[in-house]
Novice: 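Can you read through this structure? Questions will come right after.
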Amino acid sequence: MRVLHGRSIHGGTSVVGRRVVGTLGAVALATTLLSGCGGDQEPPADADRTTSSPSPSATPEGSPSPEPSASAPSEEPEPSASPSGSADEGSGDDSADSADGADANDGKGDGDGDKGESQDDKGGKDDQGKGAKDDEPEEPDNIEYGEVSNRVGKLQQRLQDLGYFVSSVDKSYGGETQQAVFALQKAGGLYRDGVVGDATQAAADKGVVPKPQTSSGKVLEIDIDRQLVLAVENGKVVKVINASSGNGETYEAKGNTYTAYTPRGSFAVYREENRMYASGLELGDMWRPKFFTGGIAVHGSASVPAFPASHGCVRVSNGAMDWIWDTWGAPSGTPVVVY
């Protein structure tokens with residue numbers, strides 16, 4: 001499994017890393033395919049027609065920079081204020097000008113002196129206003145978690161137009177927007193930090209969207225290499241969703257050892273649970289899972305980081321899983337292609 005990352009805040013430098021999965025024994029593979037998140041769930045007899053090809057398991061050739069979790073906000077740099085420009089109060093000068101004006105006019109009227117003084121005061125106020133404007137903090141170069149602004153709204157609208165899962169344009173950079181930015185960065189081969197710098201913004205401007213592998217029908221595609229779920233209809237990507245699949249590590253469950261492995265191949269949804277479903281291996285709860293092989297399912301989760309982290313299932317956000325159920329459909333029998 002290869003994980004691509006490029007740091008957007010450094011102008012899009014890319015570093016390529018590849019997870020190379022070690023050889024798994026036939027017994028381990030068979031056990032794994034029937035384990036996963038669902039544990040004791042098995043496909044019906046007609047689901048045996050699907051095939052899968054094992055993918056390597058996970059020892060990175062080069063350690064990538066640590067990636068933040070989807071729920072952890074990125075820290076925003078404190079905005080630096082421009083040095084305060086000193087306003088010209090001009091109180092002494094105003095007095096002198098007023099006195100000189102009175103002498104020169106030989107008492108033609110305080111009105112003339114007041115008028116001159118008022119004009120000077122007006123100039124002083126203008127200078128003070130200019131100084132106050134200079135004190136306003138500069139807008140940060142990058143868009144990060146927690147920002148609320150018009151430019152966040154423009155980013156959300158652009159992501160939504162491209163098909164990345166964003167349910168609302170509310171100008172607030174929260175968890176849902178972060179998930180969409182993760183997906184964009186994965187599609188563009190950029191560093192997956194959720195920070196919108198020059199490279200990530202360029203990817204949005206260029207309209208970077210992953211290409212599907214299927215050309216007909218309604219298919220749920222799972223891109224293991226880029227950690228993405230694609231809702232595809234007749235060869236067109238309808239929605240791009242951030243995902244997290246098996247991390248390739250071994251784990252213990254009910255006295256047995258398993259490998260956190262997501263199989264590749266062509267499958268179909270054979271069972272679905274429209275509820276919060278408890279794993280048969282006591283590995284946690286799954287929101288509205290759709291099982292496509294053994295105990296492996298696409299399901300909603302409150303934690304969907306930008307890297308592989310599951311026991312074998314494919315995690316997406318709860319909101320994205322609701323969209324799959326309630327808007328797109330993906331009923332039993334829907335093809336699932338994992339590559």
Side-chain angles (χ1 to χ4, degrees), residues 1-4 17-43 47-61 63-64 67 69-70 186 192 213 220-230 241-271 277-287 289-301 303-316 321 335-339:
M1 181 187 308
R2 57 187 176 87
V3 178
L4 301 177
R18 181 180 297 272
R19 282 181 181 245
V20 179
V21 180
T23 304
L24 301 176
V27 176
L29 275 177
T31 303
T32 300
L33 292 179
L34 294 179
S35 61
C37 302
D40 54 357
Q41 301 302 322
E42 296 188 19
D48 291 340
R49 72 181 185 278
T50 61
T51 60
S52 63
S53 56
S55 112
S57 145
T59 303
E61 293 179 351
S63 291
E67 311 246 20
S69 70
K186 290 176 178 184
R192 307 165 183 182
Q213 296 292 310
L220 198 61
E221 295 190 12
I222 301 173
D223 186 337
I224 297 294
D225 290 341
R226 289 190 284 188
Q227 295 287 282
L228 293 171
V229 166
L230 311 180
I241 302 170
N242 181 53
S244 178
S245 65
N247 61 14
E249 299 177 3
T250 58
Y251 63 93
E252 300 289 331
K254 290 189 172 182
N256 295 314
T257 301
Y258 301 95
T259 301
Y261 166 68
T262 305
R264 303 175 194 235
S266 297
F267 310 97
V269 175
Y270 74 88
R271 181 182 178 182
Y277 180 84
S279 165
L281 291 178
E282 300 177 352
L283 299 174
D285 295 334
M286 298 178 281
W287 177 242
K290 288 182 179 285
F291 293 94
F292 59 88
T293 181
I296 306 294
V298 177
H299 67 81
S301 174
S303 175
V304 189
F307 49 89
S310 82
H311 292 99
C313 284
V314 180
R315 301 182 195 172
V316 297
M321 199 65 208
V336 179
V337 177
V338 187
Y339 51 85

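Keep in mind that the numbers below use all heavy atoms, side chains included, and drop hydrogens, waters and symmetry copies. In this chain, numbering begins with 1 at the start of the sequence shown. If you're wondering where the values come from, they're calculated on a predicted model, not measured in any experiment.
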Novice: At their closest point, which heavy atom of Gly295 faces which heavy atom of Cys313, and how far apart are they?
Specialist: O-SG, 3.7 Å
Novice: List the atom of Met321, the atom of Trp287, and the distance in Å for their closest heavy-atom pair.
Specialist: CG-O, 3.6 Å
Novice: Can any side-chain N or O of Lys186 pair as donor or acceptor with the backbone N or O of Ala243 at less than 3.5 Å?
Specialist: yes
Novice: Angle class for the Tyr277/Phe291 ring planes (parallel below 30°, perpendicular above 60°, tilted otherwise)?
Specialist: perpendicular
Novice: Would you mind reporting whether Thr262 and Ile224 have side-chain heavy atoms less than 4.5 Å apart?
Specialist: yes
Novice: Give, for atom CG of Leu283 and atom NZ of Lys254, the distance between the pair rounded to the nearest 0.5 Å.
Specialist: 9.0 Å
Novice: Can you tell me how far apart OG1 (Thr259) and CD (Glu249) are? Round to the nearest 0.5 Å.
Specialist: 10.5 Å
Novice: For Lys290 and His299: C-alpha separation, side-chain torsions, deciding distance, then whether side chain to side chain contact (heavy atoms under 4.5 Å, CB included) applies.
Specialist: CA-CA 6 Å; Lys290 288 182 179 285; His299 67 81; over 6 Å; no
Novice: Just verifying a value: how many Å separate Glu221 CD and Tyr339 OH, rounded to the nearest 0.5 Å?
Specialist: 4.0 Å
Novice: Would a 4.5 Å heavy-atom cut-off, applied to side chains only, mark Phe292 and Val338 as touching?
Specialist: yes
Novice: Could you tell me whether the side chain of Phe267 reaches within less than 4.5 Å of the side chain of Ile296, counting heavy atoms only?
Specialist: no
Novice: Within the structure provided, determine whether Leu220 and Val337 are in side-chain contact (heavy-atom separation under 4.5 Å).
Specialist: no
Novice: Looking just at side-chain N and O atoms, do Ser245 and Gln227 make a donor-acceptor pair shorter than 3.5 Å?
Specialist: yes
Novice: Rounded to the nearest 0.5 Å, how far does CD of Glu252 lie from OG1 of Thr257?
Specialist: 3.0 Å
Novice: Which residues pass the side-chain hydrogen bond (donor to acceptor under 3.5 Å, both in side chains) test with Glu282, not counting sequence neighbours?
Specialist: none
Novice: Considering residues at least two apart in sequence or located in another chain, which fulfil the side chain to side chain contact (heavy atoms under 4.5 Å, CB included) criterion with Ser310?
Specialist: Arg315
Novice: Check whether Ser244 reaches the backbone of Ala309 with its side chain - one donor and one acceptor, N or O, closer than 3.5 Å.
Specialist: yes
Novice: Given side chain to side chain contact (heavy atoms under 4.5 Å, CB included), test Ile222 with Val336 step by step and report yes or no.
Specialist: CA-CA 7 Å; Ile222 301 173; Val336 179; 3.9 Å; yes
Novice: Start with the C-alpha gap between Tyr258 and His311, add the side-chain angles, then the distance that decides, and say whether ring pair (Phe, Tyr, Trp, His ring centres under 6.0 Å) holds.
Specialist: CA-CA 9 Å; Tyr258 301 95; His311 292 99; 9.6 Å; no
Novice: Stepwise, does the side chain to side chain contact (heavy atoms under 4.5 Å, CB included) test hold for Ile241 with Leu228?
Specialist: CA-CA 6 Å; Ile241 302 170; Leu228 293 171; over 6 Å; no
Novice: Determine, for Arg264 against Asp223, whether the closest basic-nitrogen to carboxylate-oxygen distance falls under 4.0 angstrom.
Specialist: no
Novice: Say you draw a straight line from OG1 of Thr293 to OH of Tyr270; how long is it, rounded to the nearest 0.5 Å?
Specialist: 7.0 Å
